[in-house]
Q: 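Quick one: the structure is below, questions incoming.
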Amino acid sequence: MELSKNYIPASVEEKWYQHWMDQNYFKSEPDDRTPFTIVIPPPNVTGVLHMGHTLNETVQDILIRKARMTGYNACWVPGSDHASIATEAKVVDMLKREKGIDKNNLSREDFLKYAFEWKEKYGGIIYNQIKRLGCSVDWERVTFTMDDHYYKAVIKVFLDLYNKGLIYRGARMINWDPVAKTALSDEEVEYKDVTGKLYYIKYEILDDGQPTTDDRKFITIATQRPETIMGDVAVCANPNDERYAFLKDKKVIVPLINREVPVIFDEYVDKDFGTGILKITPAHDINDFNIGLKFNLPVIDTLNEDGTLSEAAQIFIGEDRFVARKKIVEGLREKGLLVKEEEYTTRLGYSQRTNAVAEPKISTQWFVKMKDLAQPALEAVTSGKIEIHPNEKFNATYKYWLENVKDWCISRQLWWGQQIPAWYDEEGNVYVAESEEQARKQIDGHDDRELKQDEDVLDTWFSSWLWPMEVFHGISDPGNKDIEYYYPTSVLVTGQDIIFFWVARMIMAGMEYKHERPFNDVYFTGMVRDKLGRKMSKSLGNSPDLLTLIHEYGADAVRFGIMISSPAGNDLLFDESSLEQGKFFNNKLWNAMKLLKMWEEGKVQEATGKGHQSGEFALQWFENRLQEVRSEVENLMSQFRLSEALKTIYSLIWDDFCSWFLEWIKPEYGKSISHEVYERSVSYFDELLQLLHPFMPFITEEIYHLLKDRKDDLMVKQFGPVKESNPEILSLGNKLKNLITAVRDAKNKNNLKPKEAVSLFIETSDEKSFDLIKEILAKQTHADEIIFNKVPDTAAITTVAGNEKIYIKSDATIDTSVQKEKLEKDLNYLKGFLITVEKKLSNDKFVQNARAEVIELERKKKADAEQKIKVIEQTLASL
RNA sequence: GGGAGCAUAGCUCAGUUGGUUUAGAGCAUCUGCCUUACAAGCAGAGGGUCCGCGGUUCGAACCCGUGUGCUCCCACCA
């Protein structure tokens, strides 16, 4: 069969994904193996996968494939989130743009019909992308947070928490999104620094005929939000502020609407900020609200749901809040009540979804009491039952949030989501139940009253927090065999930005309903940024399309590129050049396979080189090197240091396998290697492919099959046990590498051609490996003569490799000055080093306390250093 | 205002208990090579006061102090 010059991913990827699916490899059912479970962080149903998802998904697939090949019953559950506010906003937008329909003119039922249509149409996009990336998820377990069982589970939890007294309804100050016209949770508000203005406004002091110690007619108050003055119910000064003592028992007049409001005194007011006097607007500021409660002041809400001024404002009714601000400032200026405007930097809260400035607002909403739920969730992490990776740095933030957690506003004034199971009668009584019939049963006496269900739906996260349980129907059907088998899940892989939204709340829900952590480990990936360090965003246009990247580089290269540049937990700067590196790596693998294949097709049963020894050594060395790396990789992966594990494998394949091993066993032109060497080489290559497979599944599977006819598939091939590696063979290998490199170096420095024959004179203490060294060196360095332990009369080029000293004889001119300088440097260092090691060894404390192997290591270091010093001194003397 | 983290080559980062690291990798740059698996390759080269300053040590990129610069999270100063 003719193999293409380079690896072409396109056809290969689809073929294998289909094959894996046909073989049911992704499917998992409870059995007697140990489960390894991951639940995907469900992406928004109508979204597309961005680079952040790509990173998360790749990490999860690596972990799940590795576990599957290690003998676990690996189960990765895919799914998507209905994302109530985000999706509803998109559907509303689509209806307006494509069909000219205003949501306000639709019934709830009709709207939901459109929303589900939209979900059907676009919901498949992310699943397709997950497939293209090669993710081995169990497609029979796809879960959507609005599935029937899921919907039921959410309602069930709501009722349960309500009955436990952990859910209540009440009027509180909440964050309001005037664009989506819904309440938000505190976490859905993002604060940004903005430059605003501080307006200084004159309030007239009401002349009540009483004499005062001050004859001022006005006081000046600084505010950022002049449009809220119509909601003013008091002004407030610090009781210790003598400037305003004369205002005791006075009233002031709110400008433009001429409302008389009292002057109150509270220590909350900072004397040194602004004018030291504060207007109190309880409806539109959390602090004012608290002061209002304290002084029993009325609340005048001057804003409508959409952010326009309400009738309570009396003026500029119906104007948008920001337009009204300008007009009011204008009005104040005309009346001479505006003292000045000042530039001022402040932090404003923005709705995460609509980017509208969030409005603090008094509103009747549903809340979850968090304190009791938080306690076990806190314990689960501080006790170490759940480990957060890559490091401890998130423990502190997690702890702080849970210790200071506030009640969670869970009602949203939307349609897309689980409708709150509460019914109201005409008198406003509330009946919480799973259905209207059940609600009716709660009514005392007559049950003929008209009941109306709460219009609102629940926060998306109120469904997401059940995810690790309900994907296994653990809430709707508790005690079923899936939930008992798969829960708690093994690892949660997610972005650190949703630690509060999701991670903490999942732990709460898990502790509440399963009395068990939902996952053993949490692995936080960093943010994916562009190479300039900016966040990926649509508006910047710096977020590449996943399918385009896969098309250009292949899925394996995309996975490679994103993993190789993804140090655990740090943000990663996405750069396509790393994908290119992945593509090149594909090709290297491809060509290594071609080389092996060529030898097989040669079929000549001739030994490599002059004897079997060098081939045998190459095999032994690589076998040991392979085991050494395997144990390194195990270690790195158990610490979730995937990027380093990949680097290690990359270097094993490229440097050790391709550059050294294959070169060592490579036969002379026209000859082939022995059958045994071939078979063993192939078996090592198989192991390499297996090791790499979790990271780059497609190409490894393809090569595995191209190399030989196989009955099995690499994807489900089980790892053998990691064998111990023999340090002597490894160090002999290193010695050889050093010698060969040193000879090449020397040739290069002296303008000899790589293939030019030279004579080598080697001094070495390692007598038992003479023959082997000779054979390999002869082959790899084109030495025509190799003599041990003999210094030639006219030493040509001298070089030191490890403990060996090499003289190379040729006709080339000799330049020893550079060599000398380097050797002298080495000598100085080694002498210093020797002194310190000796000191350590003569230190009683050290000898007594250190472990035997540590002392042995030090002794060996000492011996090494002494040996090297001897060699170098001799060399220098002969120069 | 409170807390956390970071600073190593042009760029992105390794450097895991201070000692073969007299500082490494990949990418980028430059110089040779189309050598019979691979030019998507091979062989080389240049490039670093390991942020500044002090301290501990025989020895510091690593430990301690301090200064500077950047990032993130949390918080109700109009």
Side-chain angles (χ1 to χ4, degrees), chain A residues 3 5-7 173 191 198-199 221-225 228 235-236 268-270 272-281 285-291 344 346-347 360 391-398 400-401 404 496-497 499-500 526-527 531-533 557 564-567 569-575 577-578 580-599 635-636 639 641 643-644 647 650-651 658-659 662-663 666 668-670 744-745 747-749 753-755 802 822 825-826 828-830 832-833 835-840 857-858 861 864-865 868:
Chain A
L3 289 171
K5 193 168 177 229
N6 294 321
Y7 173 66
M173 177 70 78
Y191 291 88
L198 202 52
Y199 302 91
I221 295 177
T223 178
Q224 289 180 59
R225 305 200 53 194
T228 64
V235 299
C236 186
Y268 165 76
V269 180
D270 181 351
D272 301 323
F273 189 88
T275 59
I277 192 156
L278 177 65
K279 72 192 198 66
I280 303 295
T281 321
D285 185 283
I286 179 71
N287 303 305
D288 293 10
F289 179 71
N290 291 334
I291 293 173
Y344 182 66
T346 186
R347 284 173 74 72
N391 53 44
E392 308 276 300
K393 86 177 177 195
F394 297 107
N395 286 5
T397 32
Y398 178 83
Y400 182 85
W401 189 77
N404 298 284
Q496 50 201 292
D497 48 332
I499 181 167
F500 306 134
M527 294 266 289
K531 62 178 168 187
L532 300 174
I564 202 81
S565 52
S566 169
N570 289 351
D571 286 359
L572 93 95
L573 305 198
F574 179 79
D575 185 347
S577 73
S578 68
E580 200 161 43
Q581 195 191 344
K583 196 164 113 180
F584 295 168
F585 186 39
N586 276 341
N587 204 44
K588 191 73 182 175
L589 285 162
W590 181 255
N591 279 294
M593 180 271 290
K594 268 168 60 185
L595 181 64
L596 281 171
K597 198 91 180 128
M598 222 173 70
W599 292 340
N635 186 27
L636 289 169
Q639 297 173 57
R641 299 168 72 159
S643 166
E644 283 166 63
K647 270 179 196 161
Y650 175 82
S651 156
C658 293
S659 298
L662 288 180
E663 293 299 328
K666 200 176 197 172
E668 285 165 41
Y669 184 57
R744 281 185 195 156
D745 246 31
K747 279 187 175 178
N748 189 281
K749 289 223 168 67
K753 293 224 169 72
K755 284 194 168 177
K822 186 174 176 290
K825 257 185 166 178
D826 281 355
N828 279 341
Y829 168 74
L830 284 168
F833 179 70
I835 291 164
T836 64
V837 176
E838 276 171 346
K839 225 177 222 177
K840 203 166 177 180
L857 197 73
E858 291 299 323
K861 279 181 191 166
D864 275 5
K868 278 177 199 163

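Throughout, protein chains are lettered first and strands after them, A, B, ... in sequence-line order, and every chain is numbered starting at 1.
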Q: For A:C236, report the nucleic acid contact type (base, sugar-phosphate, nothing); a contact means any heavy atom under 4.0 Å.
A: nothing
Q: For A:K647 and B:C13, is the shortest distance between a side-chain N/O and OP1 or OP2 below 4.0 Å?
A: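 Checking B:C13 against A:K647, no side-chain N or O comes under 4.0 Å of OP1 or OP2.
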Q: When we call it a touch if two heavy atoms are under 4.0 Å apart, what does A:T346 touch: a base, just sugar-phosphate, or nothing?
A: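 Here A:T346 touches the backbone only, sparing every base.
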Q: Does the salt bridge (charged side-chain N to carboxylate O under 4.0 Å, His left out) test come out yes or no for A:K583 and A:E580, once each step is laid out?
A: CA-CA 5 Å; A:K583 196 164 113 180; A:E580 200 161 43; 5.4 Å; no
Q: What's A:L573 touching, base or sugar-phosphate or nothing? Going by heavy atoms closer than 4.0 Å.
A: sugar-phosphate
Q: Using the C1' atom as the reference point in each nucleotide, state the distance between B:A25 and B:A14 in Å, no decimals.
A: 7 Å
Q: In whole angstroms, how far is the C1' atom of B:G1 from the CG atom of A:D272?
A: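 The answer, rounded to whole Å, is 16 Å.
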Q: Grab the CZ-P distance between A:F394 and B:U71 for me, whole Å please.
A: 18 Å
Q: Is it true that A:E644 and A:K647 make a salt bridge, defined as a side-chain N closer than 4.0 Å to a carboxylate O?
A: no
Q: Which nucleotide in the set B:C38, B:A78, B:A40 lies at the smallest distance from any side-chain heavy atom of A:N591?
A: B:C38
Q: Rounded to whole angstrom, note down the C1' distance from B:C34 over to B:A43.
A: 14 Å
Q: Does a nitrogen or oxygen in the side chain of A:K588 sit under 4.0 Å from OP1 or OP2 of B:A40?
A: no
Q: Taking atom C1' in both B:A61 and B:G18, what distance in whole Å separates the two?
A: 10 Å
Q: Rounded to the nearest angstrom, tell me the gap between atom CG in A:N290 and atom C1' in B:A78.
A: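 Roughly 14 Å, once rounded to whole Å.
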Q: Between B:A40, B:A39, B:C74, spot the one nearest the side chain of A:N6, thanks.
A: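 Looking only at side-chain atoms, A:N6 lies closest to B:A40.
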Q: Check this one for me: any side-chain N or O of A:R641 less than 4.0 Å away from OP1 or OP2 of B:G15?
A: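 Yes, A:R641 has a side-chain N/O under 4.0 Å of OP1/OP2 on B:G15.
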Q: To the nearest 0.5 Å, how far apart are CG in A:N290 and OH in A:Y268?
A: 8.5 Å
Q: Measuring from A:T228:OG1 to A:K279:NZ, what's the distance to the nearest 0.5 Å?
A: 3.0 Å
Q: Roughly, in whole Å, what's the span from CD1 in A:I564 to P in B:A14?
A: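 In whole Å, B:A14 P and A:I564 CD1 are 13 Å from each other.
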Q: Measuring from the side chain of A:A592 (C-beta onward, heavy atoms only), which nucleotide among B:A78, B:C76, B:A37 has the closest atom?
A: B:A37
Q: Rounding to a whole Å, what distance do you find between A:Y7:OH and B:A40:P?
A: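 For the pair A:Y7 OH and B:A40 P, the rounded distance is 18 Å.
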Q: Any idea which of B:A37, B:G26, B:A40 is nearest the A:N587 side chain?
A: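 The closest nucleotide is B:A40.
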Q: OP1 or OP2 of B:A78 versus the side-chain N and O atoms of A:Y268: is any pair under 4.0 Å?
A: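 For B:A78, neither OP1 nor OP2 has a side-chain N or O of A:Y268 closer than 4.0 Å.
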Q: Could you measure between the two C1' atoms, the one in B:A9 and the one in B:G47, and give it in whole Å?
A: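 Each nucleotide's C1' atom is 6 Å from the other's.
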Q: For nucleotides B:U16 and B:C76, find the distance between their C1' atoms and express it as a whole number of Å.
A: 44 Å
Q: How long is the straight-line distance from CG of A:L596 back to CG of A:L662, given to the nearest 0.5 Å?
A: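 Nearest 0.5 Å value for the CG-CG distance: 6.0 Å.
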Q: Please pick, from B:A37, B:G26, B:A78, the nucleotide with the shortest atom-to-atom distance to any side-chain atom of A:L595.
A: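 Ranking B:A37, B:G26, B:A78 by closest atom to the A:L595 side chain puts B:A37 first.
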Q: Who does B:C53 pair with, Watson-Crick or G-U, both distances under 3.5 Å?
A: B:G65
Q: Could you please name the partner base of B:A75, counting Watson-Crick and G-U wobble pairs only when both distances are under 3.5 Å?
A: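 None - no nucleotide pairs with B:A75, as no candidate has both distances under 3.5 Å.
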Q: Determine the Euclidean distance between corresponding C1' atoms of B:A37 and B:G19; express it in Å to zero decimal places.
A: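 It comes out at 42 Å once rounded to the nearest Å.
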Q: With a non-hydrogen cut-off below 4.0 angstrom, is A:Y344 in contact with a base, only sugar-phosphate, or nothing?
A: sugar-phosphate
Q: Say you pick atom P in B:G15 and the same atom in B:C53; how far apart are they, in whole Å?
A: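 Their P atoms lie roughly 25 Å apart.
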Q: Please check this pair: side chain of A:D285 against backbone of A:T281, looking for a donor-acceptor N/O pair closer than 3.5 Å.
A: no
Q: Which base sits across from B:A43 as a Watson-Crick or G-U pair, both distances under 3.5 Å?
A: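 Result: B:U31.
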Q: With rounding to the nearest 0.5 angstrom, report the CZ to OH distance, A:F500 to A:Y400.
A: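 Rounded to the nearest 0.5 Å, the CZ-OH separation comes out at 10.0 Å.
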Q: When you get a sec, tell me which of B:A78, B:G26, B:A37 is the closest nucleotide to the side chain of A:Q581?
A: B:G26
Q: Among B:A78, B:A37, B:C38, find the nucleotide with the atom closest to the side chain of A:T223.
A: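 That would be B:A78.
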Q: Figure out the CD/P separation between A:Q639 and B:G15, and round it to whole Å.
A: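 Atom CD in A:Q639 sits about 11 Å away from atom P in B:G15.
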Q: Across all strands, who's sitting opposite B:G24 as a Watson-Crick or G-U wobble pair, both distances under 3.5 Å?
A: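 Across all strands, the one nucleotide that pairs with B:G24 is B:C13.
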Q: For A:F585 and B:A25, what is the distance between atoms CZ and P respectively, to the nearest whole Å?
A: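 So the two atoms are 18 Å apart, to the nearest Å.
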Q: For A:R225, which contact category applies under a 4.0 Å heavy-atom criterion: base, sugar-phosphate, or nothing?
A: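 Nothing, no heavy atom under 4.0 Å.
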Q: Separation of A:Y400 atom OH from B:G2 atom P, in whole Å?
A: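 Distance, rounded to whole Å: 12 Å.
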Q: Would you classify A:F273 as touching base, sugar-phosphate or nothing, given that sugar-phosphate means primed atoms plus P, OP1 and OP2, and contacts are heavy atoms under 4.0 Å?
A: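 Base: the residue A:F273, judged by heavy atoms under 4.0 Å, touches a nucleobase.
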Q: Regarding A:E644, tell me which of base, sugar-phosphate or nothing describes its non-hydrogen contacts under 4.0 Å with the strands shown.
A: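 The residue A:E644 makes base contact.
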Q: Consider the side chain of A:M598, meaning its heavy atoms from C-beta on, and name the nucleotide among B:A75, B:A37, B:A40 that approaches it most closely.
A: B:A37
Q: Judged by each residue's nearest nucleotide on RNA chain B, which is more toward the 5′ side, A:S577 or A:M593?
A: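 Mapping each residue to its closest nucleotide by heavy atoms, the 5'-most match is A:S577.
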Q: Contact class for A:K5 vs. all strands (heavy atom < 4.0 Å): base, sugar-phosphate, or nothing?
A: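 Sugar-phosphate only.
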Q: Determine which nucleotide pairs with B:G5, using a 3.5 Å limit on both distances of a Watson-Crick or G-U wobble pair.
A: B:C70
Q: Nearest to the side chain of A:L662, which nucleotide is it out of B:A37, B:A78, B:A75?
A: B:A37
Q: Do the rings of A:Y7 and A:W590 sit parallel, tilted or perpendicular, given the 30° and 60° boundaries?
A: tilted
Q: Can you tell if the side chain of A:I286 reaches within under 4.5 Å of the side chain of A:P360, non-hydrogen atoms only?
A: no
Q: Suppose you measure atom P in B:G52 against the same atom in B:C11; what distance do you get, rounded to whole Å?
A: 16 Å
